[in-house]
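For reference, the structure discussed in these notes is given below.
All values below were derived from every heavy atom in this structure, side-chain atoms included, with hydrogens, water molecules and symmetry-related copies excluded. Index from 1, following the sequence. What you see is a predicted model; the values in this text were computed from it and never measured.
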Amino acid sequence: MTATTASTLPPDELAESLFQPQHHPLLRAILDNAAEGLAVSDSQGRLLYINDMARRLLGLGLVDSAPDTWSERYGVFFPDMRTRCPSERLPIYRALQGEDAAEEDLFMRNASLPEGQHVHSIARPVRDSEGKLLGATLSIRDTQGQRMAEADQRRTELRFKLLVESAQEGLWTVDANNHTTYVNRYFAQMLGYTVEEMMEKTLFDIIREEDIALMQQYVVDRQQGKSAVLDDFRLRRKDGTLIWTLVSTGPLFDENGKYAGAMAMITDITQRREAEEQVRRLNAELERRIAERTAQLEFSNRELEAFAYSVAHDLRAPLRSISNFTLALSEDCADKLDATGLDYLQRIRGSSQRMSDLIDGILALSRVNRTEFVETDVNLSGLSRAISEQLQRWQPERTVRFQLQDGLVDRGDSQLLRLVLENLMGNAWKFTRERPVAEIEFGTLPDTGNGRVYFVRDNGAGFDMEYQKKLFGVFQRLHTQQEFEGNGVGLATVQRIIRRHGGRVWGEGRVGQGATFYFTLHEPTVNPPSSRPSGNN
């Protein structure tokens with residue numbers, strides 16, 4: 001079409017001719033493959049061109065099937081909007097009325113899009129060189145995905161905001177200049193401020209003056225990309241009071257990797273600190289009371305030991321006199337006394353000797369607590385072997401089988417532990433004297449992971465378990481003096497020594513079937529093991 005021919009056409013025909021893309025193949029190809037919907041109308045609103053994307057979005061068929069009137073054409077374009085939006089609001093209508101750029105966000109529902117879809121349309125008028133309106137162009141962009149993405153983002157932001165605002169932790173962010181950019185309500189309330197007041201604060205407004213230099217170093221660390229956990233860090237509240245906090249902080253960077261500020265999570269640990277301080281005060285008070293009670297107990301023990309020593313010392317002189325005079329009487333006046341008198345003298349001498357043995361037992365018992373405790377590695381197997389040899393030398397005529405476990409070494413005071421084994425093995429020796437073949441064993445129970453348990457076992461007279469609680473009492477005996485001699489102090493001494501070694505001692509037995517005494521050293525638990533060595537007890 002030449003310019004001369006075009007200029008002779010009426011204006012409407014000229015516009016319709018110019019808007020026919022078949023005269024411009026390249027333009028037609030570009031428009032047909034555009035990602036947006038494109039349409040062109042003449043000055044009367046008649047549709048001259050529409051590409052495939054616009055047809056899909058608008059749900060239109062052939063171009064020449066469009067109605068003749070604008071209101072009906074509007075119905076074809078946006079059938080779901082006719083009753084809700086007058087045609088005067090449509091961008092293409094406003095463009096044909098001379099508006100330079102008219103745009104609108106619309107929701108369309110048609111045969112192609114029965115579920116409906118959001119679009120954004122922009123219409124612009126087309127004028128000739130003299131400014132006369134020739135028609136309008138309409139572009140329609142699918143915004144459904146964008147709208148859904150924005151809705152998802154809004155929902156995500158809402159969830160994040162709800163999460164942050166409901167957190168029982170203070171959340172605080174600052175920019176590169178240490179000015180607050182965000183604070184949740186919990187942190188604001190923690191410091192006694194409103195959120196609006198906190199937004200006016202800087203990092204250094206809520207810390208103690210003494211901590212400013214330290215905080216400046218922390219800021220440098222954040223700028224270098226370092227995170228940190230600040231325990232027992234104090235912050236200043238609006239009323240000036242200080243609270244103890246636990247702060248976990250890390251740096252923030254922009255999309256270019258440049259330092260943009262920092263974020264912190266803050267936990268108020270004031271109550272925990274107060275509770276810890278109260279526990280410390282209670283512990284200090286408890287330690288003070290224990291020290292006082294210990295001092296009082298030590299004083300009482302010293303007084304009791306001094307009293308026992310004094311009484312024992314004072315008793316020795318008259319006992320010695322009684323024993324000496326009865327001996328002299330029996331030697332010098334034996335011919336003047338009948339059998340009854342001599343028996344009486346013998347009983348007096350026996351009672352005196354028994355009293356002397358009791359005094360020796362009291363002194364030995366008091367020395368257990370007075371003796372300085374020197375802890376070394378003690379060869380218990382070697383001690384038991386030496387004691388067995390000593391017992392055998394004392395009564396070589398007896399037949400006694402000793403079973404002594406080798407390699408038993410433990411920490412303790414060698415003198416005190418020797419006294420333990422002397423008492424336990426001495427009792428076993430004494431209470432098996434009626435056996436033609438005595439058996440005495442020293443060893444340990446199988447290891448159960450609860451610590452080592454030692455035992456001394458014999459096949460002697462044994463005892464009734466009904467009287468087990470009397471075993472370790474001072475002067476408490478389960479056998480008469482006529483049956484087996486003794487002063488009732490040996491097992492009490494054993495118990496005191498074992499307690500000084502942080503252990504326990506207990507016994508088990510059956511009448512006529514022997515007894516077993518167990519003990520532990522440095523025991524971490526308080527419950528005695530249920531197992532015991534096989535064989536007679």
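- When atom types are taken as modelled, the side chain of Asp413 and the backbone of Val374 share a donor-acceptor pair closer than 3.5 angstrom.
- A donor-acceptor pair is defined here as one N or O able to donate and one able to accept, closer than 3.5 Å; no such pair exists between the side chain of Arg222 and the backbone of Tyr259.
- Counted within 6.0 Å of CD on Gln271, heavy atoms from surrounding residues, nucleotides or ligands total 12 or fewer; the atom is thus considered open.
- For the pair Thr181 (side chain) and Thr173 (backbone), a donor-acceptor distance under 3.5 Å is present.
- Residue Met215 qualifies as enclosed at atom CE: its count of foreign heavy atoms under 6.0 Å is above 12.
- The existence of a salt bridge linking Arg273 and Asp232 is confirmed by a sub-4.0 Å separation between a basic side-chain nitrogen and an acidic carboxylate oxygen.
- Atom CG in Leu327 sits 12.5 Å away from atom CD1 in Ile348 (nearest 0.5 Å).
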TODO: Tell me, with the steps shown, if Gln392 and Glu389 meet side chain to side chain contact (heavy atoms under 4.5 Å, CB included).
DONE: CA-CA 5 Å; Gln392 194 70 69; Glu389 292 172 357; 5.7 Å; no
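- Side-chain contact between Arg504 and Tyr518 is absent, with no heavy atoms from C-beta onward closer than 4.5 Å.
- Put simply, the side chain of Asn184 gets close to the backbone of Glu169: a donor and an acceptor are under 3.5 Å apart.
- Between Phe187 and Trp172, the ring planes lie tilted relative to each other; the angle falls in the 30° to 60° range.
- Leu417 has its side chain within reach of His501: a pair of non-hydrogen atoms, C-beta onward, lies under 4.5 Å apart.
- In this structure, a donor-acceptor pair under 3.5 Å is absent between the side chains of Glu287 and Asn283.
- Residues Glu276 and Arg272 are paired through a salt bridge, judged by an N-O separation under 4.0 Å between the basic side chain and the carboxylate.
- Counting heavy atoms of neighbouring residues, nucleotides and ligands inside a 6.0 Å radius, atom CZ of Arg401 does not exceed 12 of them.
- Here the side chain of Arg435 pairs a donor or acceptor atom with the backbone of Gly460 at under 3.5 angstrom.
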TODO: Take Met199 and Val183 through the side chain to side chain contact (heavy atoms under 4.5 Å, CB included) test and state the conclusion after the steps.
DONE: CA-CA 7 Å; Met199 293 300 293; Val183 62; 4.1 Å; yes
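- Arg385 contributes atom CZ, which lies 10.0 Å from atom CE of Met425 (distance to the nearest 0.5 angstrom).
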Open item on the list: Is there a side chain to side chain contact (heavy atoms under 4.5 Å, CB included) between Asp377 and Arg411? Walk through the geometry before answering.
Closed with: CA-CA 5 Å; Asp377 288 332; Arg411 297 287 294 177; 2.7 Å; yes
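- In this structure, the side chains of Leu419 and Gln415 stay at 4.5 Å or more apart for every pair of heavy atoms.
- A salt bridge links Glu209 with Arg236: at least one charged nitrogen is closer than 4.0 Å to a carboxylate oxygen.
- The ring-ring contact (aromatic ring centres under 6.0 Å, His included) test applied to Phe442 returns no partner, not counting sequence neighbours.
- The only option from Asp410, Thr520, Thr444 that meets the side-chain hydrogen bond (donor to acceptor under 3.5 Å, both in side chains) definition with Tyr454 turns out to be Asp410.
- From Glu422, atom CD reaches atom CG of Asn427 across 11.5 Å, with rounding to the nearest 0.5 Å.
- Checking side-chain atoms of Asp221 against main-chain N and O of Lys226 turns up no donor-acceptor pair under 3.5 Å.
- Proximity of a side-chain donor or acceptor of Ser381 to a complementary backbone N or O of Gln405 within less than 3.5 Å is detected.
- With sequence neighbours excluded, the residues satisfying side chain to side chain donor-acceptor pair (under 3.5 Å) with Asp205 are Thr202.
- Not counting sequence neighbours, the partners of His118 by the ring-ring contact (aromatic ring centres under 6.0 Å, His included) test are Phe107.
- In this structure Asp239 satisfies the salt bridge (Lys or Arg N to Asp or Glu O under 4.0 Å) test together with Arg237, sequence neighbours excluded.
- Taking 4.0 Å as the cut-off between side-chain N and carboxylate O, Lys201 and Glu197 do not count as a salt-bridged pair.
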- [ ] Go through the steps to decide whether Asp231 and Ile269 satisfy the test side chain to side chain contact (heavy atoms under 4.5 Å, CB included), and finish with yes or no.
- [x] CA-CA 9 Å; Asp231 199 1; Ile269 61 172; 3.8 Å; yes
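- One N or O on the side chain of Thr270 and one on the backbone of Trp244 form a donor-acceptor pair closer than 3.5 Å.
- Between the Asp254 side chain and the Ala260 main chain, no donor and acceptor come within less than 3.5 Å of each other.
- In this view, Thr245 satisfies the side chain to side chain donor-acceptor pair (under 3.5 Å) rule with no residue, not counting sequence neighbours.
- With sequence neighbours excluded, the residues forming a side-chain contact (heavy atoms from CB on, under 4.5 Å) with Tyr344 are Thr340, listed by chain and number.
- Here the closest non-hydrogen pair linking Arg457 and Thr516 is CG-OG1, 3.1 Å.
- Here the side chains of Tyr218 and Gln216 are not in contact, with every heavy-atom distance at 4.5 Å or above.
- Counting heavy atoms from C-beta on, the side chains of Leu391 and Ile440 never come closer than 4.5 Å.
- Using a 4.5 Å heavy-atom threshold, the side chains of Leu252 and Val174 count as separate.
- Within 6.0 Å of CZ on Arg208 lie more than 12 heavy atoms contributed by other residues, nucleotides or ligands.
- By the neighbour-count criterion of 12 heavy atoms within 6.0 Å, atom CZ of Arg293 is sparsely surrounded, having that number or fewer from other residues, nucleotides or ligands.
- Distance check: Leu230 CG to Ile266 CD1 gives 9.5 Å after rounding to the nearest 0.5 Å.
- Annotation for Val378 and Gly412: closest pair CG2-O, 3.3 Å, computed over non-hydrogen atoms.
- The CZ atom of Arg452 sits 8.5 Å away from atom CG of Asp447, with the distance rounded to the nearest 0.5 Å.
- Arg289 has no carboxylate O lying under 4.0 Å from a charged side-chain N of Glu292, or vice versa, which leaves the two without a salt bridge.
- Between Leu214 and Phe233, some side-chain heavy-atom pair lies under the 4.5 Å cut-off.
- Note: Trp429 and Phe402 have parallel aromatic rings, judged against thresholds of 30 and 60 degrees for the angle between ring planes.
- Side-chain contact between Met190 and Leu235 is absent, with no heavy atoms from C-beta onward closer than 4.5 Å.
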